[in-house]
Every structure is written in structure tokens, then in C-alpha cells.
Asker: 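This is the structure I have questions about; it appears just below.
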Amino acid sequence: MNTIIKRTWIYDIEVFPNFLGFVFIDRISDEKREFIIYEDTKQLEELVYFISTECSYLAGYNSSKYDNIIINFLSHHLNRLKYKSSNDISNEIFGLSKEIINRDGLSIYYNPKIKPYLWTNAYKTVDLMSLMAFDKNRVSLKQAGIAMRWKKIQDLPKPFDEKIEPDEVTLVMEYCVNDVEMTKELSNIIISEIGIRKDVGDMYNLNLWSASRSAMSDKLISSFWTQETGLEFKEFKKLRTTYDSIPLSTCISDKVVFKTKVLKDLLSRISKINLKPGDKFKESIIIGESKYDMLLGGLHSHNPPIIVEESEDILLKDADFGSYYPNLMINEGAYPKHLSSSFLKLFKKLVTQRLAAKAEGNKTVANALKIVINSAYGKLLYEHSWLFDSKAGYTVTLNGQLYLLMLIEELELAGCRVYYANTDGFMTKVPKEKEKEYMDICLKFEKYVDIPLEFEDYRKCSIRDVNNFTMITKDESIKEKGAFLRDIDRVSTFLRPNYTCSYDMPIVALALYEYFVNDKPIKDTITNHEDIYDFCKAQKIGSQYVAEYHKLSEDKVKLDITMCQKTNRYYVSKGQGKFYKRKKSDNVLSDLTAGYNIEMFNDYYESEDYNINYAYYIRAAQKIIDVMEPRQLELF
């Protein structure tokens, strides 16, 4: 007798009023299993047997909040449902599906019709949508597919509430297979993130398989607090410290001392502020050649676009405070008042443990504690967290910004010009003869605030604004963000912090990189580029619209209108097609490409000539360059 080995399967379900389709693909191989419940085909018992005997893990997209519920319901009610017809089973599951989707404001975790089927011991689940926090940003699988450069972007082939005809079964199952293959590809791309959840979960005996980084942090720090205090989560999960108002003077450290009148006046203004819940905070100040904005979240420079290069006389130096906010929490004694100083004691212990684990090469512990430590500050200002204490949060952010301004002031007084700052660091133009003085000032201040500084030398910085730049270090590594951020490979792209799968003609960022880094004309980069995906754009249409593709017939006598799916991939071409959205309520058309023609590219195809409108992409890149270079290149 052959022993069946349980495996990990990627899966998806299609639910219609008279049809249920299930597709499973093995995580390692391409082995595929399909099950159908439709008319004379009723593979319910085979499905449930497969799940119970061959599935150790089931991975899907939004599966923990939809697909799992369906298969858990079918498994739980097998003995009742197996005597029903396919049509009756499908109809009952369709009702459950509507209950899941149309919650009427009631969470699935509290809906008595759904709650019993949320969890099971039959298999472990990995929900890639939750793991990547795509549920928070409402990123659909199709949007993720476009960002992955998937070969076929296809929405549901017919409305979910319509019945399936016999000749449509194959089409629906092919659609489901495409979704599962896309989900499997996503799992391959983010396999390192899945591995972190396995290792950390095993280490601390927690189920983290579908947890985002924020959710991992919540679970870990809750577990650590339980171990520290003996309290169960339910005993502290609703704790908060709230204030009617917060005098900001009570948040500012005695170490904050300025020398110049403009900064002394700034400190005086801030100290007089009495911040109430919901109040906005913003202060702006000019120091030397740069303007700085202070907000509740952090400091950033607010300067015109600038290009700076190292020269014979000027060095470009970057200084960043290491683990800035965690260190500020410890140094300023910032902790949730309702948890007492015991929380700060725990936090210090976690920081010490992380440093020890990092030194020992224990990546599992080091990574786990890094996630917790780096997110703890944010929880201080998140009203839905049991760590919420806005005064503690402001103590961290205000002092962090004021310390940065203190160091910037010192450097400016010494004749060093700061041209960029953001949150935990800044970049400075340092005259070569002042390099030692620059380092002496920084190292002295490092000791003063007891937070280490990390330094990097740069060759060239092209900065449109604080969130859009490309910078080249002396060792030729690249730091880039925003419009300059290249889509180099899918792994690094998907593992960016807070990635939302936005996809908008990556060729522009590539052309900007070649222009600013290698002095290559943008036209040369764009017209010689061969990857059609880099010219593509994505558009998701809201439910109040329908998407339409308009194109003249071949004889140019009539206008052919094709109804498009909700999520579309396309590129700007020299063809005759136009892309519109039509508002359902008033029938008004809106041109989605501002007068340009496009070619739909939901299905990949090879061509020697895609008829790309290169001029469109050249203009898009040139528009950014024109913002950067109306002034003469600054050479210091």
C-alpha cells in the first residue's frame, strides 16, 4: 500500500449559483488537481478526501477570508451535502459566498454563519494577500499579476451571480488555473518572506503564516509582554493612554539647546503649543540654503530640485542615526503610561537580545526582534494598538527632529551646507579642508545624544524632492526612490517596504537612471529598449465605471467598441485604439490616456514591432528632467 505524503498546494475556488470549481497546483511541481461540482459532475467527496489526505498547507490569495471558509464548510457538512444534487450544493455555497462578500458591516470574525468555518486543524493556511498586507491597500491578484509581469491578466469571465452554461465550464476552469499559476508565481517571488514567517513562528511557537510584518510585530510583542507580565492578551488588548491635550514642552528633552536666534525662536514656538487630539502640527524653518518641515511623523527638507556632484573641493557626505526611533524611545524614556516602565525594561531587553543575536549570526532571532523593535514606535501613535500613547510617540518624534536640527545647525555654523534631510539623517556638502571638523562635530554629537551615526560618501545626487531621487555612492552603489526607482527584478520590487503593486511605465525610471547616472540620452535608452513590459501601464476601473476600448474598423467606416475588464494592462502606441472609462450614472466618457492611443496588452504576445509611441515615453522622462535642470548643474 502506497503512503500518501501530504504536500503544499496553491489553490483557488470559483463560485457561481450553479457551479463550483476548484484548482490545486503543487507548490514544488506543476502537478494539478481539479474538482468540479456542476450538473452531473459531483466531485465533492473526492475534494474533501484530497484535502484531508494530501494537503499539509494550502496557499491562496485572500484565501483565509474566502476560499478556506468555503472548503471548511464543505468538509464540515460533507455527510449532509453528499446526498444533495450538484445544483443544490452550488446554490447553498453561493449563498455562503454572498454572506462572506456582503457583510453589511459585520466582520466575518463575528458573523455566526461564517465564524465556525474560519479555522481548521485539517491543514495549515498561507494567505499571500494578508502576508504582503495587500488586503490593507486593496491590491487585487490581477494588480499583483501586472506588477509580476504575468503573461495573462484576466478578470472573471462572466458576472459571479450568473449561471454557468455547459460550454462555459472550460473557460471558467482555465481562468481559475491562470489565477492559481499567478498565485504560485507570487509565492515564488516572496519565498524569503514566507521563510521568515516559518522560522520566526517555529522559534516562538506562533502561527505567523499569513501575517503581514505589522501583524507579526503585533503577535510577537504581545507574546513577549505576556511572558514578561503573565497577563493574557485579552487582559491588555484594550488598554490605551489618552489625553485631552498635550503640552509639547513636556515632550522636549533638556538636551535640546540651540545657538542661533532662528532655532531658539522655533523651540520657543513649539514649547508653547498645547496639542489636542486631531490637531495638525507643522513648523517650517530655513537654515543656510535649505528649508525644513517639521511634522508629527518626522523632519524632511523641502528644497527646489537639485543636482550636486562631488568635486576637487567638495565632498558629499551622508550621516544617518542608527535605529533612530528605537534608541530615542530608550534614551528619552518613552513608553505607554498604562504599561508602566516595565515595558521600557522589556524593550531594552529586546534591543540587547537582537544585538547579541546579530553578532552570533542568529538571523531568525535578529530578524524577528528587528521587526518588533522597528514597529514599536509606530504603535505608540496608532490608536487601535494596546501600545497607544500619543505623548510617548510625540516625545520620540519631536526630539528626533530637534536633535537633527541641532546637528544641522552646528554643521552650518562650521561652513558645511546640508542639502537634504529626511527622518533620521541628512546629506551635506563638506569642503575638503573641513572634513575633519565635520567628523569631529558629528562624533561629538553622537556621544551627546548617545545614538550611533552611520556615514556614507556620495559621488552624485539628483534630487527632485525628498521622496524622488537617485544617488550614487563613491563605491557606485545606487540609492533611489519614487519616480527614479527602477523595477530591476521582481523579487527586490515586491520586497520593498509598503509595496502596493502600482505599475506605471518602468521604462521612464530606467531612462532617468541612464541619464543621471551614465549621461545617456533618454531617447537612446527608450528607443533601443526591447522589453515591452517596461512600456506598460495599469488601470483599475472603479465600480461606478465601465472600461471601453474604441478603435476604428479596418475600413475606417465605423467605430468598434470593445468592453474591457476591470483591471487592464496596456501601452501607448501609434495605433488607433483609445481607452476610456464610462460613468454608469451619466454615461460620460473620460479619456484615460489624455489624447494618446493605446494597445491593450492583457495577454502577452511576441512581436518584432509593437508599434510603440516612443515620443510619449520620451516626453514623460523629459518632463522630470526639465524640473531638475532649469538651473545650471551645481559643481562645488
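Side chains are part of it too, since the values below use all heavy atoms of this structure and drop only hydrogens, waters and symmetry mates. Please read all numbers here as calculations on a predicted model, not as lab measurements.
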Asker: Considering only heavy atoms from C-beta outward, does the side chain of Thr395 approach that of Leu380 to under 4.5 Å?
Answerer: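 Not in contact.
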Asker: Between Glu310 and Lys460 (salt bridge meaning N to carboxylate O under 4.0 Å), is one present in this structure?
Answerer: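 Salt bridge: no.
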Asker: With a 4.5 Å cut-off on side-chain heavy atoms, are Val572 and Met505 touching?
Answerer: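 Of all side-chain heavy-atom pairs linking Val572 with Met505, none is under 4.5 Å.
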Asker: Going by the ring pair (Phe, Tyr, Trp, His ring centres under 6.0 Å) test, which pairs reach into residues 249-295, not counting sequence neighbours?
Answerer: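 Every candidate ring pair (Phe, Tyr, Trp, His ring centres under 6.0 Å) pair involving residues 249-295 fails, so no pair, neighbours aside, qualifies.
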Asker: Would you mind checking if Arg486 and Glu480 are paired as a salt bridge, meaning a charged N to carboxylate O distance below 4.0 Å?
Answerer: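 So Glu480 pairs with Arg486 through a salt bridge.
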Asker: Show every donor-acceptor pair shorter than 3.5 Å between a side-chain atom in residues 131-138 and any protein atom, with sequence neighbours excluded, or say none if there are none.
Answerer:
none

Asker: Keeping the roles fixed (side chain from Thr241, backbone from Pro336), state whether a donor-acceptor pair exists under 3.5 Å.
Answerer: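 Judged by distance alone, no pair lies under 3.5 Å.
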Asker: Hey, could you give me the CD/CD1 distance between Glu446 and Ile451, rounded to the nearest 0.5 Å?
Answerer: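 Reported value, rounded in 0.5 Å steps: 9.5 Å.
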Asker: Do the side chains of Glu456 and Lys479 get close enough for a salt bridge, i.e. N-O under 4.0 angstrom?
Answerer: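 No salt bridge links Glu456 with Lys479.
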Asker: Side chain to side chain contact (heavy atoms under 4.5 Å, CB included) between His300 and Leu295: does it pass, once the steps are laid out?
Answerer: CA-CA 8 Å; His300 64 261; Leu295 301 167; 3.6 Å; yes
Asker: Ion pair present between Lys261 and Asp265, side-chain N to carboxylate O less than 4.0 angstrom?
Answerer: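 Yes, charged N to carboxylate O under 4.0 Å.
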Asker: Could you walk me through whether Gln143 and Thr567 pass side-chain hydrogen bond (donor to acceptor under 3.5 Å, both in side chains), step by step?
Answerer: CA-CA 7 Å; Gln143 289 173 288; Thr567 305; 5.8 Å; no
Asker: Using ring centroids (six-membered ring only for Trp), state whether Tyr335 and Phe343 fall under 6.0 Å.
Answerer: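 Judged by ring-centre distance (under 6.0 Å), Phe343 and Tyr335 do not meet the cut-off.
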Asker: If every non-hydrogen atom of Gly297 is compared with every non-hydrogen atom of Tyr377, which pair is closest and at what distance?
Answerer: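 Closest pair (atom of Gly297, atom of Tyr377, distance): O-OH, 4.0 Å.
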Asker: Are the side chains of Lys583 and Ser590 in contact, using a 4.5 Å heavy-atom criterion?
Answerer: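 Counting from C-beta outward, Ser590 and Lys583 never come under 4.5 Å.
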Asker: Just how far is it from atom CG of Asn399 to atom CD of Glu332, taken to the nearest 0.5 Å?
Answerer: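 If I round to the nearest 0.5 Å, the distance is 4.5 Å.
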Asker: Mind checking whether Val449 and Asn331 have side chains closer than 4.5 Å, heavy atoms only?
Answerer: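 Sidechains of Asn331 and Val449: no contact.
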Asker: Please round to the nearest 0.5 Å and tell me the distance separating atom CE of Met628 and atom CZ of Phe484.
Answerer: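 Going from CE on Met628 over to CZ on Phe484, the span is 4.5 Å.
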Asker: Testing the basics here: between Ile246 and Cys251, what is the closest heavy-atom pair and its distance to 0.1 Å?
Answerer: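 Shortest heavy-atom contact: CG2-SG, 3.8 Å.
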Asker: Between Glu312 and Lys432, is there a salt bridge with N-O shorter than 4.0 Å?
Answerer: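 Answer for the salt bridge query: no.
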Asker: Check ring-ring contact (aromatic ring centres under 6.0 Å, His included) between Phe347 and all other residues, then give those that pass, not counting sequence neighbours.
Answerer: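 Not a single residue meets the ring-ring contact (aromatic ring centres under 6.0 Å, His included) criterion with Phe347.
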Asker: Below 4.5 Å, heavy atoms only, C-beta onward: do Leu402 and Ile270 meet side chain to side chain?
Answerer: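 Yes; the side chains approach each other to less than 4.5 Å.
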Asker: Keeping His338 on the side-chain end and Thr242 on the backbone end, is there a donor-acceptor pair under 3.5 Å?
Answerer: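 No; judged by distance alone, with no hydrogens or angles, the pair does not exist.
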Asker: Would a distance-only check, ignoring hydrogens and angles, find a side-chain to backbone donor-acceptor pair under 3.5 Å from Asn62 to Met129?
Answerer: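 Pair absent, no side-chain N/O of Asn62 close to backbone of Met129.
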Asker: Give a yes-or-no answer on whether the side chains of Lys379 and Ser214 include a donor-acceptor pair shorter than 3.5 Å.
Answerer: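 Yes.
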Asker: On a heavy-atom basis, which atom in Cys461 and which in Met427 lie closest, and how many Å separate them?
Answerer: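 Closest approach of Cys461 to Met427: SG-CE, 3.6 Å.
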Asker: Might you point out which heavy atoms bring Arg149 and Asp487 nearest each other, and give the distance in Å?
Answerer: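 Reported closest heavy-atom pair: NH2-OD2, 3.1 Å.
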Asker: Measure from the side-chain N and O atoms of Glu383 to the backbone N and O of Phe388, and report whether any donor-acceptor pair falls under 3.5 Å.
Answerer: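 Side chain of Glu383 to backbone of Phe388: no pair is present.
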Asker: Of all the heavy-atom pairs spanning Lys581 and Ile541, show the shortest one and how long it is.
Answerer: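 Heavy-atom minimum between the residues: CB-CD1, 4.1 Å.
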Asker: Quick check for you: to the nearest 0.5 Å, what is the distance between Tyr614 atom OH and Asn528 atom CG?
Answerer: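 Result: 8.0 Å between the selected atoms.
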Asker: For Tyr324, what residues pass the ring-ring contact (aromatic ring centres under 6.0 Å, His included) criterion, not counting sequence neighbours?
Answerer: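 With neighbours one apart ignored, the set is Phe321.
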Asker: After noting the C-alpha distance and the side-chain angles of Met471 and Lys481, does the key distance pass the side chain to side chain contact (heavy atoms under 4.5 Å, CB included) rule?
Answerer: CA-CA 9 Å; Met471 304 175 182; Lys481 189 176 182 181; over 6 Å; no
Asker: Under the 3.5 angstrom rule, does the side chain of Lys337 hit a backbone N or O of Asp389 as a donor-acceptor pair?
Answerer: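 Side chain of Lys337 to backbone of Asp389, a donor-acceptor pair under 3.5 Å: no, none is there.
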Asker: Do Leu369 and Leu355 touch side chain to side chain, with heavy atoms closer than 4.5 Å?
Answerer: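 In short, these two side chains do not touch, never coming nearer than 4.5 Å.
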Asker: What residue pairs, at least two apart or across chains, pass ring pair (Phe, Tyr, Trp, His ring centres under 6.0 Å) with a residue in residues 392-423?
Answerer: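 Listed once each, the pairs are Tyr420-Phe469.
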Asker: Walk me through whether Asp313 and Lys429 qualify under salt bridge (charged side-chain N to carboxylate O under 4.0 Å, His left out).
Answerer: CA-CA 10 Å; Asp313 303 317; Lys429 296 177 288 190; over 6 Å; no
Asker: Looking only at side chains, do Asn613 and Tyr571 share a donor and an acceptor under 3.5 Å apart?
Answerer: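 Short answer, no.
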Asker: Side chains of Trp386 and Asp218: closer than 4.5 Å at any heavy-atom pair?
Answerer: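 They are not in contact (no side-chain heavy atoms under 4.5 Å apart), so the answer is no.
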Asker: Among Thr428, Leu443, Leu315, find the one that has a side-chain contact (heavy atoms from CB on, under 4.5 Å) with Tyr438.
Answerer: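 Of Thr428, Leu443, Leu315, side-chain contact (heavy atoms from CB on, under 4.5 Å) with Tyr438 is met by Thr428 alone.
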Asker: For the CD1 atom of Ile472 and the OG1 atom of Thr470, what is their distance to the nearest 0.5 Å?
Answerer: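 The distance works out to 6.0 Å.
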Asker: Enumerate the salt bridge (Lys or Arg N to Asp or Glu O under 4.0 Å) contacts for residues 315-329, please, sequence neighbours excluded, ordered by first and then second residue.
Answerer: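 Counting only pairs at least two positions apart or across chains, the salt bridge (Lys or Arg N to Asp or Glu O under 4.0 Å) contacts touching residues 315-329 are Lys317-Glu435, Lys317-Asp457.
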Asker: Would you say Ser284 and Asp293 are linked by a side-chain donor-acceptor pair, where the criterion is simply a distance under 3.5 Å?
Answerer: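 The answer is yes; a qualifying pair exists.
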Asker: From the options Phe579, Tyr596, Tyr533, select the one residue that forms a ring-ring contact (aromatic ring centres under 6.0 Å, His included) with Tyr570.
Answerer: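 Testing each of Phe579, Tyr596, Tyr533 against Tyr570, the sole residue satisfying ring-ring contact (aromatic ring centres under 6.0 Å, His included) is Phe579.
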Asker: Are Glu412 and Glu289 packed together at the side-chain level, in the sense that at least one heavy-atom pair is separated by less than 4.5 angstrom?
Answerer: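 Heavy-atom side-chain distance check fails, nothing below 4.5 Å.
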Asker: Of the non-hydrogen atoms in Ile330 and Leu344, which two are nearest, and what is the gap between them?
Answerer: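 Of all heavy-atom pairs spanning Ile330 and Leu344, the closest is CA-CD1, 4.2 Å.
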Asker: How long is the span from the CG atom in Leu592 to the CD atom in Gln539, to the nearest 0.5 Å?
Answerer: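 One finds 5.0 Å between CG of Leu592 and CD of Gln539.
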